[in-house]
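Below is one structure, written out as structure tokens; comments come after it.
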Amino acid sequence: GESWVLTHVSICSLHRACQIMIYSHFFPNSLSRITMKLLLAATLAASAAAFAPSGLNVRSSSLGMAFESELGVQDPLGFFDPLGLLDDADQERFDRLRYVEIKHGRICQLAFLGQIVTRYGVHLPGDID
């Protein structure tokens, strides 16, 4: 749906920003610091779409429901639950685990972006100690 498209666009803009940062590292006179700051701000604004709540709220009242028809189930594995966390779970438990997994993925994306920005040379003022 729409949230997937926005997430894909934000990932592409992050990829493009990384390419420009690498290019400016090897050719420092080609891009000004202001251009880089504007590019970083635009990238962060575009990546905010990944944190927008999705409009998909599917609820089911059947407790014995199998999750083989959920979004993300793909061939050849089908529904992948190797630890059996959802063997006796209801829809509420499934939704909670999916929410937590998406949240942790987004935190990892921010951590990776922080690593890239720090390696580029952008540091917060002050000492760590």
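What's counted below: heavy atoms across the whole structure, side chains too, no hydrogens, waters or symmetry copies. Computed from a predicted structure; not experimentally measured.
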- Message: Is any side-chain heavy atom of Val100 closer than 4.5 Å to one of His104?
- Response: yes
- Query: Quick one: do Phe94 and Leu85 end up in the same hydrophobic cluster if we chain Ile, Leu, Val, Met, Phe, Trp and Tyr together by side-chain heavy atoms under 4.5 Å apart?
  - Reply: yes
- Message: Within a 6.0 Å radius of atom CG on Asp88, are there more than 12 heavy atoms belonging to other residues, nucleotides or ligands?
- Response: no
- Task: Hey, could you give me the CG/CG distance between Asp95 and Leu97, rounded to the nearest 0.5 Å?
- Result: 9.5 Å
- Which atom pair, heavy atoms only, marks the closest approach of Arg93 to Leu86? CG-CD2, 4.0 Å
- Query: Is the Phe67 ring parallel, tilted or perpendicular to the Phe79 ring (thresholds 30°, 60°)?
  - Reply: tilted
- Task: Establish whether Val73 and Leu83 are linked, either directly or via other cluster members, by ILVMFWY side-chain heavy-atom contacts under 4.5 Å.
- Result: yes
- Provide the closest heavy-atom pair for Arg98 versus Leu71 in the form atom of the first, atom of the second, distance. NH2-O, 2.5 Å
- Task: Kindly compute the distance separating CD1 (Ile107) from CD1 (Ile102), expressed to the nearest 0.5 Å.
- Result: 12.5 Å
